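Have a look at the structure below before the remarks.
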Amino acid sequence: MADHDYYRILGVERTASQEEIRKVYRKLARKYHPDINPGNKEAENKFKEISVAHDILSHPKKRKLYDEFGEAGLAAGFDADKARSYGRWQEQSARSGGTHGFASEDLGDLFGDLGGLFGAGRRARPGPLQGGDIEATVEIDFLDAVRGFQTSLTLERPVPCENCRGSGVKPGTAPTTCPECRGTGSKPIVDGPLQFRQTCPRCMGSGRLPGEPCPACKGAGRVLRPETIRVNIPPGTEPGKRIRLRGKGEAGMRGGPAGDLYIVPRIRPHPLLTRSGGDLTLELPITVGEAVGGATVEVPTPTGPVKVKIPAGAQSGQRLRIKGKGVPAHGQSPAGDLYLRLMVRVPKEKIPQDIIEKIDRAYEEDVRKDLRL
């Protein structure tokens, strides 16, 4: 990931409060929004940059991770606790001769090894384990979510060690008898007439150590690597609705399949458009003359401008429908519609009194006759 100073991007101190960050972001967003600067690529890039900075610094958890780990803490799938314990786990694996990625949850407990009461410990060798799933939140512009697009996502995830091909064993080394349990696969935990035993934590009940731990992964079988993944965001993507990428999660262990990556979209609001399912709504300003006499005006849509006829006598708040100009068709979902909510705008300049009086006389009835509480 590129090295960014998100505090500098917003122009705030590292001690800035959430309210200060919110106010600065709103000011900058109004200045650089693409709809305010059509065709200005520099303003568009600046808007995206401040949006990312705001998303991180306005989110307490993300801000804490950024302050502690820098941008590494913002990588999709990053887990602070795992990051802190990852080194300790590798060191412990190396000291014990290499557990080769065997998870501590696989250890048998007292009651799981009651077979040891009769003198036999379990010797089942752990089989393949599927890798864990990763969940990543991705910030998406409103219109990108409507239209669909392709983007790149950079994340750090555990992948098979290239040196040992995921086995956790140093290439060329031979298996040996476990010195901890002397090949029995279990260890006594209580002395007395009845002997309680548990699975040997070093060989995980196999009685054998596969060989020397791989020096590259210290016996873990996996290493953390940054990876850039192309992600297809489908048209009509909704907030919080996860997008699944099979096999892009954590690598499996001992030959197990990889987990999945789940993209959780977080969609930025649009200053002009709102959405309900596949339908979009746009507030369309019209003049008094257009409302009274009718007109044909150009209206922007997600797929390009269209001509729309404003009926004579149009009222403020009246809705017009443009069929098929909402969220594009995708999968089994048909295209949505674009609704225009007409908003009559009066001139800011002072209108001559005689004209105002003529307009008022044109009303056939009291406009507030139905106003009752």
Side-chain angles (χ1 to χ4, degrees), residues 29-30 32-52 54-55 76 135-155 228-248 260-286 295-311 314 317-343:
R30 284 194 297 269
Y32 292 106
H33 199 285
D35 291 320
I36 307 299
N37 304 273
N40 188 333
K41 194 67 178 178
E42 184 178 347
E44 180 183 346
N45 291 335
K46 182 68 175 177
F47 176 75
K48 290 181 179 180
E49 191 177 49
I50 63 176
S51 295
V52 172
H54 173 258
D55 174 60
E135 187 173 281
T137 300
V138 176
E139 192 86 6
I140 301 175
D141 284 334
F142 184 94
L143 286 177
D144 284 338
V146 168
R147 299 172 180 140
F149 72 112
Q150 190 177 76
T151 187
S152 294
L153 177 66
T154 300
L155 53 82
T228 299
I229 299 172
R230 297 294 291 175
V231 181
N232 288 314
I233 305 296
T237 295
E238 299 179 28
K241 190 172 183 180
R242 301 195 305 174
I243 301 169
R244 183 182 184 185
L245 278 69
R246 294 180 182 273
K248 292 299 182 179
D260 299 328
L261 170 62
Y262 288 91
I263 304 297
V264 182
R266 185 174 175 181
I267 300 173
R268 302 186 189 102
H270 194 278
L272 303 176
L273 291 167
T274 57
R275 178 179 169 187
S276 177
D279 296 332
L280 303 176
T281 298
L282 169 70
E283 289 193 352
L284 179 65
I286 59 174
T296 298
V297 300
E298 187 174 270
V299 176
T301 76
T303 55
V306 296
K307 298 287 187 179
V308 175
K309 185 175 182 180
I310 307 297
Q318 181 177 340
R319 295 211 314 167
L320 304 179
R321 185 180 74 153
I322 308 178
K323 190 174 181 180
K325 289 298 181 178
V327 176
H330 54 284
Q332 297 182 345
S333 300
D337 300 328
L338 173 63
Y339 287 89
L340 305 177
R341 186 167 179 262
L342 304 182
M343 304 298 292

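Owing to the predicted nature of the structure, the values given are computational and were not obtained by experimental measurement.
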Worksheet item: With a 4.5 Å limit on heavy-atom distance, are the side chains of Val264 and Val138 in contact?
Response: no

Worksheet entry | With sequence neighbours excluded, residues passing salt bridge (Lys or Arg N to Asp or Glu O under 4.0 Å) with Lys248 | Glu227

Response to the item:
Tightest non-hydrogen contact, residues Gln318 and Pro311, listed as NE2-CG, 3.9 Å

Worksheet entry | Side chain proximity check, Pro305 to Glu298, heavy atoms < 4.5 angstrom | yes

Discussion item. Less than 3.5 Å apart, any donor N or O on the side chain of Thr154 or Thr228 sitting next to an acceptor on the other?
Written reply: yes

Worksheet entry | N/O donor-acceptor pair under 3.5 Å between Thr237 side chain and Ile233 backbone | no

Discussion item. Are Leu320 and Leu342 packed together at the side-chain level, in the sense that at least one heavy-atom pair is separated by less than 4.5 angstrom?
Written reply: yes

Discussion item. Atom CZ of residue position Arg230 - does it have more than 12 heavy atoms of other residues, nucleotides or ligands inside 6.0 Å?
Written reply: yes

Item to complete: Can you measure from CZ (Phe142) to CG (Leu273) and round to the nearest 0.5 angstrom?
Response: 5.0 Å

Practice prompt. Please report the C-alpha distance between Asp337 and Lys325 in whole Å, then the side-chain angles of each, then the deciding distance to 0.1 Å, and finally whether the salt bridge (Lys or Arg N to Asp or Glu O under 4.0 Å) criterion is met.
Written response: CA-CA 5 Å; Asp337 300 328; Lys325 289 298 181 178; over 6 Å; no

Worksheet item: So, do Thr274 and Leu280 sit near enough that their side-chain heavy atoms are less than 4.5 Å apart?
Response: no

Fill in: Note, Leu338 side chain near Asp279 side chain (heavy atom, < 4.5 Å)
no

Fill in: Between OG1 on residue Thr281 and CG on residue Leu272, distance to nearest 0.5 Å
12.5 Å

Worksheet item: If you measure from CZ on Arg275 to NE2 on His270, what distance do you get to the nearest 0.5 Å?
Response: 13.0 Å

Item to complete: Measure from NZ or CZ of Arg244 to the centre of the six-membered ring of Tyr262 and say whether it is under 6.0 Å with the direction within 45° of the ring axis.
Response: no

Practice prompt. Answer yes or no: does atom CD of Gln150 have more than 12 heavy-atom neighbours from other residues, nucleotides or ligands under 6.0 Å?
Written response: yes

Worksheet entry | Sidechain-backbone polar pair: Asn40 side chain, Glu42 backbone, donor-acceptor under 3.5 Å | yes

Item to complete: State, with a plain yes or no, whether a side-chain heavy atom of Pro328 is found less than 4.5 Å away from one of Val146.
Response: yes

Discussion item. To the closest 0.5 Å, what do you measure between OG (Ser51) and CD (Glu139)?
Written reply: 7.0 Å

Practice prompt. Carefully, step by step, assess Glu135 and Arg242 under the rule salt bridge (Lys or Arg N to Asp or Glu O under 4.0 Å).
Written response: CA-CA 9 Å; Glu135 187 173 281; Arg242 301 195 305 174; 3.0 Å; yes

Discussion item. With a 4.5 Å cut-off on side-chain heavy atoms, are Ile263 and Leu153 touching?
Written reply: yes

Practice prompt. Answer yes or no: is there a side-chain heavy-atom contact under 4.5 Å between His33 and Phe47?
Written response: yes

Worksheet item: Roughly how far apart are Lys46 NZ and Ile50 CD1, rounded to 0.5 Å?
Response: 7.0 Å

Worksheet item: When rounded to the nearest 0.5 angstrom, what distance separates CZ in Arg266 from CG in Asp55?
Response: 4.5 Å

